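Lettering follows sequence order; numbering is per chain, from 1. Keep in mind it's a predicted model, so treat the numbers as computed, not measured.
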2 protein chains.
Amino acid sequence: MDQKTFENKAEQLNEKMPEYCPITYSMSIIGSKWKIPILWKLILDDGQHYNHLKRMVGGITNTMLTKSLRELEDDGLILRHSDGTVPPSVTYHLTDLGKDLVYTMEELFDWGQKLHAAHEE
Amino acid sequence: MDQKTFENKAEQLNEKMPEYCPITYSMSIIGSKWKIPILWKLILDDGQHYNHLKRMVGGITNTMLTKSLRELEDDGLILRHSDGTVPPSVTYHLTDLGKDLVYTMEELFDWGQKLHAAHEE
DNA sequence: CGGAATCCTGATTGATACTG
DNA sequence: CAGTATCAATCAGGATTCCG
């Protein structure tokens, strides 16, 4: 990226900046330990069941999975669908807002890879 | 975003996925409380002095500013320049890797704004 | 001016056991 | 199957003080 492009982008963002910082706001929503792993698994395979999701994410406890799913639901990134059967069957689905995150993740992916390559040298 | 675009992006990213997750990796670098605020101020005005940066960020303690700056330096996002004078004069500058973050921040910005608007309803 | 050293607290996360 | 309920540990971050 040349210096001009960098400065233009910085200025563009700064002009649009509200009182709250949208960047920090995003981080507060997806920044806790398990949010990205959960959302990523839902991006790859939407509509998963609780226990399947738990196996896919790997290493997460019930406490944290439940807590994270509730927060994601409250923030409007996923929807919880339960049919009322016994034994229960619950699936989790991305909302449009949740799916939009794939753009952000793409940038985080590319930058992370670049950084990782730099750190390997 | 239509469903096709979403699925294509997901598949593209999944195919490129290494053993480590670059998304999670990025988050581990910029996810702690003060990283984004510090980097943002440097994006707006590169080459700031320690105390000026402290005032610009606002609310940060010496402990956390120093710690964050050291980590950003170790991770290759900023450079610390000190002339050897007394009293000391130290400035912090973004590296190219640090400047590249402006793309990621742009996405976090846009998504955060969208989310905030949705939460206001 | 640009920090370092120490101590301390509260929030985040984890472990374990249990349930409709 | 899809969670809840406690309790324990950890750890990031903050407060305070001091220094070359």
(message) If you only use heavy atoms from C-beta on, which nucleotide in D:dG13, D:dA2, D:dG14 is closest to the side chain of A:Val90?
(response) D:dA2
Taking only the side-chain nitrogens and oxygens of [X], find out if one of them lies under 4.0 Å from OP1 or OP2 of [N].
X: A:Tyr92; N: D:dC1; value: no
X: B:Asn62; N: C:dG3; value: no
X: B:Arg80; N: C:dG3; value: yes
X: B:Lys33; N: D:dG14; value: yes
X: B:His49; N: C:dC1; value: no
X: B:Tyr50; N: C:dA4; value: no

Rounded to the nearest angstrom, tell me the gap between atom [atom1] in [X] and atom [atom2] in [N].
X: A:Ile60; N: C:dG14; atom1: CD1; atom2: C1'; value: 11 Å
X: B:Trp34; N: D:dG13; atom1: CH2; atom2: C1'; value: 10 Å
X: A:Leu69; N: C:dT13; atom1: CG; atom2: P; value: 14 Å
X: B:Leu53; N: C:dG3; atom1: CG; atom2: C1'; value: 13 Å

(message) One thing to verify: whether A:Asp110 and B:Lys16 come together as a salt bridge, which I'm taking to mean a side-chain N less than 4.0 angstrom from a carboxylate O.
(response) yes
(request) Take A:Pro88 and A:Gly59, find for each the nucleotide of DNA chain C with the closest heavy atom, and name the residue whose nucleotide sits nearer the 5' end. (result) A:Gly59
(message) Both B:Arg55 and B:Thr63 contact DNA chain C. Taking the nearest nucleotide for each, which residue is further toward the 5' end?
(response) B:Arg55
Listed pairs under 3.5 Å, donor-acceptor, residues 32-43 of chain B side chains, sequence neighbours left out:
{"residue": "B:Lys35", "atom": "NZ", "partner": "B:Ile29", "partner atom": "O", "Å": "3.2"}
{"residue": "B:Lys35", "atom": "NZ", "partner": "B:Glu71", "partner atom": "OE1", "Å": "2.9"}

(request) If the plane angle is over 60° it's perpendicular, under 30° parallel, otherwise tilted; pick one for A:Tyr92 and A:Tyr50. (result) tilted
(request) Determine whether A:Leu69 and A:Thr66 make a side-chain contact, defined as any pair of heavy atoms from C-beta on separated by less than 4.5 Å. (result) no
